Amino acid sequence: MSQSYADYTNWDVIVIGGGHAGCEAALASARVGARTMMITMNLDHIAQMSCNPAVGGIAKGQVVREIDALGGEMGKNTDATAIQFRMLNQSKGPAVWSPRAQCDKLLYQRRMKQVVERQDNLMLHQAEVVRIEHDRTGVTGVTTNFDETFSARSVVVCTGTFLQGLLHFGAKVIPGGRAGDLAAEELSSFIVEDLNLEIGRLKSGTPPRVNARSIDFSNMIEQPTDFDSHFSHWPDEVHREKTIAPEDLCHRPCYLIKSTQETRDIVLENIDKSPMYNGRIKAIGTRYCPSFEDKVMRFPHHETHQIYLEPEGVYTEEFYLNGISTSLPTDIQWQMVRSLPGLEKAEISRYAYAVEYDVVMPHQLHNSLALQKWPNLFLAGQINGTTGYEEAAGQGIIAGINAARHAGNAGAPVVLGRDQAYIGVLIDDLVTKDIVEPYRLFTSRAEYRLLLRQDNACRRLSELGHDIGMLPYRLYQRVQELERQIDDARVFLNAHRHAGETFWDLLRKKALNLSDYDETRDLHADARRQLEIEAHYEGYIRQEVAQASSLKQLERWKIPGDFTYDMPGLRNEARTKLDKVKPDTLAQAARIDGVTPSEIAILQVHLKRRAS
């Protein structure tokens, strides 16, 4: 065997899948120095926006900013290809402000493809992985449908909705991971039979697309863009794709309508034809992004429902009908769409469908996203039971970092805490909660959401991104400068008084303007914004910091992998759940549903005895 061929077949990390999780995993692995191969079934569909061509939203926008702060790519790719930006929840407090962008879906996919193609240490390969090779110590590589075997020290699986994927168009069922792509048929059975992992079955869906020339926008409510919003903390580093020009095409509005009573009646008259209601689909769909059938059946008191018309790109006339996902037959879809105001003459370009797919139950994971049974096999994305591009990408960057660290014996894995990042909340929920439906992240899931604001993600995570080799020093320097400005301004504001009160107190009461003083007039806009937020919400922030400090005390109590829960005082329910999840720390054990504070105290006693 020639040396060149050996180089081609031996890798530090192999990433299976080229979706949003796979891209961030492969880029992260390569950027921290691991020789990485990404294997995907179609190289032309890397980072394809299978559903809505949008990035961000409630809690999801925070995740994208965290990915960017760590040195990932999703935020930059969004800024480079966005055709509309909005900051959601601005009428509420800053803890729930969430950026969201509508992207040109074709440009998003093409730019990300080019980014991964140009990345040092990363090779792309088109094939289907049919086996994950292993021995007693862990996984050793993969075998593809071409009977080629590649060895690796770590493997990351990011298969999305492709494992035994089925597309449902009413009674019409087509194998596939999404419309136009084949399903991964062999890997699921291998995961169960050879790797001995527990799998489940979930369902997602997508709405129809409609040609803009057939839409009457005249009576719709226009949703304009926010021109100053962006995802990347370093927007000057992002080069807008030249193909989006001219400038007047760069900002495309979305539109809001409501469904009609007729739409509702069409669904009710044909509900027996829905695979979700006639028993054809056995998998569970997401509660928080329901099909239109679910909306009609679960909320009968609502005669109408909101639907957003969202452009799919600059050089396409297709619009995405956000809010009317369905698996009803195609002839019923025509009736539904044409019952909507402004779409009476609509031309459907792509039908809606439901997709049913296999997942690996995530309680089998550590918070590093390594499997408990296979310490060098990592999972990220919808294979772990999540929904959304953003949740997938957030898992991908952590899995990629940790796969590379494991391959290079670089020390402890990177695990983000619940007080450190929404990504930490997401992964911890997956590992400790019973996932019975596709998981979707919300700000309400975070106990410390005032600490985890979208505006301070770079201050929370950029030092870590730089330390592990993801974030270039020139970008981390900017965060250090931002911290210096904030610290200097705090000293000034606390050292000066007016009418018996410090300037900081006046800022907290919104009775002081930072632009009134030479010492704070030239502050960077980000520094100014964070000082104002931190002053105004000082009491609440201090309370969350204290709560997070208490949590860290329990996080320090590590639970050994061979620890047994056969001890007096634990109820059978707690013992069963602890054995199932196998928590890494006492804090994680405390978050498992059904484990009481008194049982945590019992565990603490036994851990003390074991350590002595």
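Nothing here was measured: the structure is a model prediction, and the numbers come from that model. In this chain, numbering begins with 1 at the start of the sequence shown.
- Inspection of the Glu133 and Thr140 side chains reveals no N or O donor paired with an N or O acceptor under 3.5 Å.
- Of the charged side-chain nitrogens involved, at least one lies within less than 4.0 Å of a carboxylate oxygen, so that Arg31 and Glu73 count as a salt-bridged pair.
- Judged purely by distance below 3.5 Å, without hydrogens or angles, the side chains of Asn376 and His406 never pair a donor atom with an acceptor atom.
- Between the side chains of Ser188 and Asp358, a donor-acceptor pair is found at a separation under 3.5 Å.
- Nearest heavy-atom pair, Met49 versus Val55, reported as atom, atom and distance to 0.1 Å: CE-CG2, 3.7 Å.
- Donor-acceptor pairing under 3.5 Å is recorded for the side chains of Gln395 and Thr386.
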Solution key, residues 123-130 side-chain donor-acceptor pairs under 3.5 Å, sequence neighbours excluded:
from	atom 1	to	atom 2	distance (Å)
His125	NE2	Glu148	OE2	2.7
Gln126	OE1	Leu43	N	2.9

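- Here the OG atom belonging to Ser291 is positioned 8.0 Å from the CZ atom belonging to Arg298, to the nearest 0.5 angstrom.
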Quiz: residues 408-418 side-chain donor-acceptor pairs under 3.5 angstrom, not counting sequence neighbours:
from	atom 1	to	atom 2	distance (Å)
Arg418	NE	Glu447	OE1	3.1
Arg418	NE	Glu447	OE2	2.9
Arg418	NH1	Asp428	OD2	2.9
Arg418	NH1	Asp429	OD1	2.9
Arg418	NH2	Asp429	OD1	3.3
Arg418	NH2	Arg445	O	3.2
Arg418	NH2	Glu447	OE1	3.3
Arg418	NH2	Glu447	OE2	3.4

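- Considering all non-hydrogen atoms of both residues, Arg453 and Ile541 come closest at NH1-CD1, 4.1 Å.
- Ion pairing of Glu193 with Arg131 is absent here, as no side-chain N (NZ or NE/NH1/NH2) approaches a carboxylate O to less than 4.0 Å.
- For the pair Leu369/Asn402, no side-chain contact is recorded, criterion being any heavy-atom separation below 4.5 Å from C-beta on.
- Between Phe162 and Ile383 the shortest side-chain heavy-atom distance does not fall below 4.5 Å.
- With sequence neighbours left out, Lys433 forms a salt bridge (Lys or Arg N to Asp or Glu O under 4.0 Å) with Asp593.
- The shortest non-hydrogen separation linking Ser325 to Gly205 is OG-C, 3.5 Å.
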